[in-house]
Each structure stands twice: as C-alpha cells, then as structure tokens.
Number of protein chains: 2
Amino acid sequence: MLTERQLFILQILIDDYIRTAEAVGSRTISKRKEVTFSSATIRNELADLEDMGYIEKTHSSSGRVPSEKGYRFYVDNLLSPPVLSNNDVKDIHSLFAEKMVEVEKVIQQSAKILSELTQYTSIILGPEVFETKLRQVQIIPLSKETAVVILVADSGHVENQTITIPPSVSMSDIEKVVNIMNERLKDIPLVSLKSTMMQEMATVLKKHIENYNQVNTMLDNLFLYTNAEKVYYGGKTNILAQPEFKDVEKVRLLLNTFEQDDLMYNILRPEKKGIEVRIGQENDLEAMQECSIITADYFIEGKRMGSLALLGPTRMEYHRSMSLLGFLANDLTSTLTERYRSFKHW
Amino acid sequence: MLTERQLFILQILIDDYIRTAEAVGSRTISKRKEVTFSSATIRNELADLEDMGYIEKTHSSSGRVPSEKGYRFYVDNLLSPPVLSNNDVKDIHSLFAEKMVEVEKVIQQSAKILSELTQYTSIILGPEVFETKLRQVQIIPLSKETAVVILVADSGHVENQTITIPPSVSMSDIEKVVNIMNERLKDIPLVSLKSTMMQEMATVLKKHIENYNQVNTMLDNLFLYTNAEKVYYGGKTNILAQPEFKDVEKVRLLLNTFEQDDLMYNILRPEKKGIEVRIGQENDLEAMQECSIITADYFIEGKRMGSLALLGPTRMEYHRSMSLLGFLANDLTSTLTERYRSFKHW
DNA sequence: TGTTAGCACTCTGTTTCCTTGAGTGCTAAA
DNA sequence: TTTAGCACTCAAGGAAACAGAGTGCTAACA
C-alpha cells in the first residue's frame, strides 16, 4: 500500500513527465514549492516506488519515468473529477450550435474539434447501423445489364450499389421485386436486411416472379457490406509531432494500421461502459505499444451507436483528454438522440 | 551541346544513382565493363557536366549526384521508349479481367496495383463529373423537416444530400418540384446542374408552386459539391520508406498535404497531353520539393476524365514508372469507354 | 526512527581529436 | 587527347575527455 507521501510524489512525477517528456529526478521534485522534504528523502521514496513497479529508470543513473503500471494507477486513482476549461466548453458548444443536418458532417466536425483541442489524433466509429432501419429501396436502371440499388435508412443514411442484371430478368420483374422489398423490408434493421430478405421474401418471390433463380443470384450479392461502420479521423498526423515518433519506421507502422479499417474497428469497441483508457501494451496492436487510447461511447435513445477515441502517447494528458471526450460524447448523444426523435415520431 | 561520351556517362551516372541512392564517383563508373576509358578521363567529363549544371557534388570531394536539370535532361532525352516486363503486363491485365461494375472500385484497384508494382505512392483523380449527366432525381422524406435528395448519374454514380424543408413547404409541393426537375434536368451534366436549375426552372416553378421563395431557398444549398472530383490513394505510406524521408518533419508536411484535397487536386491537373513528369522544384508544393510526380490522363470517348499519378523521390525509376502509368492509363481508358458505351446506347 | 547532508559513483551526451577512405583537381608524361 | 600519379579535401566513424544530471549509501542529526 502506498503512503500519503508516496502518492503525492508519484502524482508530481507523472504530471511533470507528461508535461516535459523528460525523466524526472529527485532534485526536480524537491524544487517544487509544494514539496517540503529534501531530495534525499525523495530518493528513498522513489526507490520504493520503483520496487513496487510504478516507475522505472531509463538507465542506472537516470531520473525516473512512469511505468505502465504507474500510468494505470494514475488514471485509476490520482485523477480529480473531470473539469473542462471554459474555452473548451465554448469550442465544443459552438460546434453543435450550427444545425448540421447530416450525421456524417456532425461526426466529421467532432473528430476535427477533438484533434484540434488536444493535438492528438481522434478516431470516431460511425453510428452503428445496428439500429437504423430501412425506409425505402429503389432500383434505377442504368443500362441493359446494370442498375443502381439505393437504400435509404430512417437516419437519412444512403447506401448504393451497382448490380448486374441477368439478361433473362425483365424490367417488370425488377419492379415487382422492388415493390415486394418495400412492403416486406420496411423498418427492418439494415444489419439484418440480408437474412430477412432471404428468409421472408423467398416464398413471396417464388409466387410472383418467373425467373426466381436468376433473380435470387442477382440479389445474392446485395446488402453485404451494409453493416460495416465507418471510421473517421481527425488530425491524423498530429501524433507524429510527439517525440515518441521520431523514428519513421514507427510512423509507417502506425499509419499503415490506420489504413486497415478492420483493425481500428476492433480497437474502438470498448469493453466497459463509460470512459475507458487503454495504456501501452494493453493495446494489442504492435504499432500502438507506446500509445494510449481513450474511448467513450455515444448513444441514441440509450442504445450504443459508436465510439469516440483519442490516440496519444502513453505520456498523454489523461485528465484533460478524458474530460473532453466525456463531454463531447454527451453532447453528441443528446444531439443525435434529438435528431432521431424527430425522425421517429413522424 | 553534349558529346556522345558525355551523354553516355550522364546516363550511367543517373541510372546508378537511381539504383543506389549514393553519390557516384569516377571510379565506380570506370569499373563498369561497358566503359573503356579511365577514371581520370571520366573525372574530366564529370567536371564539364557539372559546369553545365547536369550534376552536382554534395561536398567538395564527393562523388556526383544528378541535379534537377540532369533529371530533366534524362527524362527528356535519355529514356528509351516505354517497355513493360511481362509480369507487369500480366498484373495489370488481371486487374481488368474481373468485371467490376463500379467505377469507384476499378479506380481503387488501379491505385492499389500501381503502388504495389512501384513501391511509390499512387494518386488518382476520380472521373470528372464534367461529362456525366443526370439520370434521375429523387427526394425521400425523413421527417417533418428533413429529406434526402438523391441524384443518380448516367455513369451509375450516386450523390445524396440531406436537406431541411421549411415548414411552409408542403409535401405535394416537393413532389411537384421533383417532377419538374426530372423533366427539365434529365441529361444535364452534373456540373452545370445548379446553374441550369436556377435559370431554366425559375419560371416553371413560379407558375406551379405557391411558396416559390421558400422552395427556392431550400434548393439554394443543393447541388453545390457535385463537381468536386474525388482523390484516391494507393500505398500512402510507401514513400516514407525512401531515404529522402528519414526526417519525420518532412513526413508530417507531406501527409498533411495529402489531407488537403484542393492542393492535391491542383497538382494532378496536368498541363500537357500525355505523360507528364514534374521534377523536384517544378512542383509548387513545399512538401514535395524532393519528389517527382508523373501524371497521365485517362479518357472516356476521347474526353479527359481524370488522371493517374505516381509520387516518388526525385531519384525515382522514371522509365519503369512512366511505362507503367501509360499502360494503365490506356487500359483504364478503354475499360471505361466500353462501360460508358454500354450505358449510353441503351 | 525518520530525515537529511555529503560524497563517491554511474551513465549519457557532447565535444574534440584522429584516422580512414572515397573522391577530386591538377600536372606532366605518353 | 588520354592517362598515371599525386596532393588535397571532406565526411564518417571511433576513441578519449569532460560536463552534468542523477543515484545510492553512509553517517550525522532531531
């Protein structure tokens, strides 16, 4: 168990290291005016903290640096409740002040402002299609063999896909199919569109359509990708300014990871509720071993829709970042919920 | 004017430097078996070539490195006609072999293969909407105040935008507007949609619609962004592997430039026909002073639709890159033209 | 018994000096 | 005109020296 004084010293050390990115020595700490005891005393305490694994040396005669265990302890026990500066609050509110109609825009703007306020990289997982439902399907012919299928969701989201029409399928067949779809699939969640279509429509289609088999193979490629959430970034290159990324090889690794949506996708699914912090090796990805990720969820009517994240060095400003993220998540939740209500009760 | 031998030496020097990224000395050149004269002779020639500005020293006793003027000369005069290896041809053809329906996919795949074959970064400017024409407009209501506007172009491209509907505008008004649009705007190029709508439809609308003014302001925000071409990338991080980008600050600058579509957009509009090479400072952008860009256009039925580009260090493999780019541009042109024909004559 | 001053020791980073090697330019001979 | 030879230059790399920040330990102190 840590003594009062050890807590105090650990806190000062981590705060200092976060600010300066330089190993902190006993003298640096003792020079602070809140500190009344001598550097020798601090040295003893530091040795104990090191034994317990909260801090480490970079070499035998260096100052101390927080270990991952140290950061973990700091985040879990040493942070005061979230507070935001008035400026930050103002910046965020000004974002939601202008009524943006498109969800996509709102999210893009959120990513932008997060990265600007923190100088880290922000990542946002787009709203889960999970709960958005189909409003309407349309098929618009382009040529003899091709047509565009357009899905409109109740959230205003539009998906489209070009398909090839087998020669044996006639225009009137397609019209019939679309009509049946709009009857049967309306208000079905996008994510289960494919399975519902296959189950529920099969019998109806068979009855009304001649070339059932051809139509079926045509529909087979449809609605496949609709459940992929989109990943948005803000300040992708911000994190390169951190001294942790002096080495171009690390930069390459990280940026390559950014390009792989599926990896990012996994990282952004938080395991707990609320604001979650993953520090250093707690992230599985090799490219992010020296990074921390803070995630928070946003909701629509109580249902989780996606998440916001900030990616910084393990030495990141946890307190401010967490406050900011929590605040923005709340604002996003209420903005989106409001929008959604106006759609739903219509 | 350069002598036969000077040409010969310059060619060897640049080829060598492109391969090794190391300054080339007189002995290195003389050791080549095609070279019959001594290193002393070469030293004299190198001095002359330096006086003429084709090569430079990195310091007073170093080997020589091509200058930008040297590269320019090399590209303009020393390259043999484009030839591709069988492997490259095969790789590219296999790309176009599988019938991809969506233009977007074709282009993304092209970007990918270009970057994989060259290990540089490829950039593709999406097909100009310039010539694509409106096939159909649809408005689908989402709530009392909002609706999605969907444009389908004859190329299969779909644009959508959420709009707010003023309370005074009724549903039947909107239906009327859409009908008029589909009558009057069909086959209008997307790029001139806005202006055509404002001119041609004004009178008709006034006649049929009560709240002409409200409808008008509603339409005012519409169709604004449709003429922005999209920029696609392949191997964004490839170029970071080049020794020219050891410095993270340069990396940051370059990647930031990538994020700014308008800048990239300008770079990719070639001034000449055919394959264009811009070397080092010939690029205006600060971030690309040590890079070269090779661009080529692709066409649909003879009309320029967009361009392909490869971004590498000034020390890039010009010959292979240019061959590859030209070849892919041709293939893309014919593939797209074919697709377009099948739409048009329908 | 906890705290502190003092001191020897350790390690990093920087500077300085030296050496090596690749390369040049010039001169004089072939 | 070409080439061999030679003096000279510069960058890169390594060894040595030094300064500075920091530690751990001991002994004295309150």
Side-chain angles (χ1 to χ4, degrees), chain A residues 1-10 12-17 19-67 70 243-244 246-247, chain B residues 1-10 12-17 19-67 70 243-244 246-247:
Chain A
M1 204 36 214
L2 293 177
T3 68
E4 252 337 277
R5 194 166 65 188
Q6 286 170 336
L7 289 177
F8 184 53
I9 289 177
L10 184 57
I12 291 182
L13 185 140
I14 299 187
D15 283 342
D16 214 78
Y17 183 69
R19 208 163 29 78
T20 64
E22 306 249 308
V24 185
S26 56
R27 278 209 73 211
T28 316
I29 296 180
S30 76
K31 262 187 288 188
R32 289 254 202 154
K33 54 179 175 306
E34 320 94 275
V35 175
T36 53
F37 29 89
S38 77
S39 67
T41 311
I42 295 172
R43 273 202 290 286
N44 291 331
E45 299 285 31
L46 289 181
D48 290 351
L49 284 170
E50 186 174 0
D51 284 345
M52 289 184 276
Y54 293 113
I55 56 180
E56 20 184 66
K57 292 193 251 188
T58 58
H59 63 261
S60 77
S61 74
S62 74
R64 304 304 208 292
V65 157
S67 68
E244 282 80 353
K246 272 198 301 263
D247 178 13
Chain B
M1 207 34 219
L2 292 177
T3 66
E4 247 345 91
R5 194 164 67 189
Q6 285 170 337
L7 289 177
F8 183 51
I9 290 177
L10 183 59
I12 290 181
L13 185 141
I14 299 187
D15 283 342
D16 213 78
Y17 184 68
R19 207 162 31 77
T20 64
E22 306 249 308
V24 185
S26 55
R27 278 209 75 211
T28 317
I29 297 181
S30 76
K31 262 187 289 189
R32 289 252 201 155
K33 56 179 173 307
E34 320 94 277
V35 175
T36 53
F37 29 89
S38 78
S39 67
T41 311
I42 295 172
R43 274 203 289 287
N44 291 331
E45 299 285 31
L46 288 180
D48 290 349
L49 284 169
E50 187 174 1
D51 284 343
M52 290 183 275
Y54 293 113
I55 56 182
E56 17 184 68
K57 293 193 251 187
T58 58
H59 59 85
S60 77
S61 73
S62 74
R64 304 305 208 293
V65 156
S67 68
E244 281 80 354
K246 271 198 304 259
D247 178 14

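Every chain is numbered from 1, with letters handed out A, B, ... down the list of sequences.
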Novice: Is the distance from OP1 or OP2 of D/dT3 to the nearest side-chain N or O of B/Thr41 less than 4.0 Å?
Specialist: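 Yes, such a contact exists.
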Novice: Tell me whether the OP1 or OP2 atom of D/dT3 has a side-chain N or O from B/Ser30 closer than 4.0 Å.
Specialist: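 For D/dT3, neither OP1 nor OP2 has a side-chain N or O of B/Ser30 closer than 4.0 Å.
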Novice: Enter the distance from B/Leu7:CG to B/Glu45:CD here, rounded to the nearest 0.5 Å.
Specialist: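 CD of B/Glu45 is found 10.5 Å from CG of B/Leu7.
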Novice: For the side chain of A/Ser60, starting at C-beta, report the closest nucleotide among C/dT24, C/dT3, C/dC11.
Specialist: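 The answer is C/dC11, which lies nearest to the side chain.
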Novice: Please report the distance, rounded to the nearest Å, between CD in A/Glu45 and C1' in D/dG24.
Specialist: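 In whole Å, D/dG24 C1' and A/Glu45 CD are 15 Å from each other.
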Novice: Got a sec: does the CZ of A/Arg27 have more than 12 other heavy atoms crowding it under 6.0 Å?
Specialist: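 No, CZ of A/Arg27 has 12 or fewer neighbouring heavy atoms, counting only those of other groups under 6.0 Å.
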Novice: Kindly say whether B/Gly53 contributes a backbone atom to a donor-acceptor pair with the side chain of B/Ser67 at under 3.5 angstrom?
Specialist: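 Such a contact is found between B/Ser67 side chain and B/Gly53 backbone.
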Novice: Atom CG of B/Asn44 and atom P of D/dT1: how far apart are they, to the nearest Å?
Specialist: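 My rounded result for the distance is 11 Å.
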Novice: Carefully, step by step, assess A/Leu13 and A/Leu46 under the rule side-chain contact (heavy atoms from CB on, under 4.5 Å).
Specialist: CA-CA 10 Å; A/Leu13 185 140; A/Leu46 289 181; 3.8 Å; yes
Novice: Should we count CD of B/Glu4 as having more than 12 external heavy atoms under 6.0 Å?
Specialist: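 No, CD of B/Glu4 has 12 or fewer neighbouring heavy atoms, counting only those of other groups under 6.0 Å.
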Novice: In whole Å, I'd like the distance from the CZ atom of A/Arg64 to the C1' atom of C/dT10.
Specialist: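 After rounding, the reported distance stands at 13 Å.
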Novice: With a 4.0 Å limit, can you tell me whether A/Lys31 has a side-chain N or O closer than that to the phosphate oxygens OP1/OP2 of D/dG22?
Specialist: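 So the side chain of A/Lys31 is outside the cut-off, no N or O lying under 4.0 Å from OP1 or OP2 of D/dG22.
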Novice: Heavy atoms from C-beta onward define the side chain here; which of C/dT24, C/dT4, C/dG25 lies closest to that of A/Phe37?
Specialist: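 It is C/dT4.
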Novice: Report yes if a side-chain nitrogen or oxygen of A/Lys57 is closer than 4.0 Å to either non-bridging phosphate oxygen (OP1 or OP2) of D/dG24; otherwise report no.
Specialist: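 Looking at the OP1 and OP2 atoms of D/dG24, one of them is under 4.0 Å from a side-chain N or O of A/Lys57.
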Novice: Starting at atom CD1 of A/Ile42, determine the distance to atom C1' of D/dA21, rounded to an integer number of angstrom.
Specialist: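 These atoms are roughly 15 Å apart.
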Novice: As a test of reading the structure: which of C/dG25, C/dG23, D/dT23 is closest to the side chain of A/Arg43, going by heavy atoms?
Specialist: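 Nearest to the side-chain atoms of A/Arg43, counting from C-beta on, is D/dT23.
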Novice: Categorize B/Thr58 for me: base, sugar-phosphate, or nothing, with a 4.0 angstrom heavy-atom threshold over every strand shown.
Specialist: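 Contact class for B/Thr58: none.
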Novice: Using atom CD of B/Glu56 as one end and atom C1' of C/dT24 as the other, report the distance to the nearest whole Å.
Specialist: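 Computing the B/Glu56:CD to C/dT24:C1' distance gives 16 Å.
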Novice: With distance as the sole test, does A/Ser62 use its side chain to make a donor-acceptor pair with the main-chain N or O of A/Thr58 at under 3.5 Å?
Specialist: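 Yes.
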Novice: What's the CZ-P distance between A/Arg27 and D/dG24, to the nearest Å?
Specialist: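 Computing the A/Arg27:CZ to D/dG24:P distance gives 16 Å.
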Novice: Measure from the side-chain heavy atoms of B/Ser38 and tell me the nearest of C/dC26, C/dA5, D/dT3.
Specialist: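 So the side chain of B/Ser38 is nearest to D/dT3.
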Novice: Closest to the B/His59 side chain: D/dT23, D/dA11, C/dT24?
Specialist: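 Of D/dT23, D/dA11, C/dT24, D/dA11 is nearest to the side chain of B/His59.
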Novice: What is the distance, rounded to the nearest whole Å, between atom CG of A/Asp51 and atom C1' of D/dT23?
Specialist: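 Atom CG in A/Asp51 sits about 14 Å away from atom C1' in D/dT23.
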Novice: Within the structure, does a side-chain N or O atom of A/Arg5 lie under 4.0 Å from either OP1 or OP2 of C/dT3?
Specialist: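 The answer is yes; a side-chain N or O of A/Arg5 sits under 4.0 Å from OP1 or OP2.
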Novice: Measure from CD on A/Glu22 to P on D/dG22 and round the result to the nearest Å.
Specialist: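 Going from A/Glu22 (CD) to D/dG22 (P), I get 9 Å.
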Novice: Is the phosphate of C/dC9, meaning OP1 or OP2, less than 4.0 Å from a side-chain N or O of A/Ser61?
Specialist: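 The answer is no; no side-chain N or O of A/Ser61 sits under 4.0 Å from OP1 or OP2.
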Novice: Output the single nucleotide from C/dT4, C/dG25, C/dT24 whose closest atom is nearest the side chain of B/Leu46.
Specialist: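 Closest of the options to the side chain of B/Leu46: C/dT24.
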Novice: Judged by each residue's nearest nucleotide on DNA chain D, which is more toward the 5′ side, B/Ala40 or A/Ala40?
Specialist: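 Of the two residues, B/Ala40 wins.
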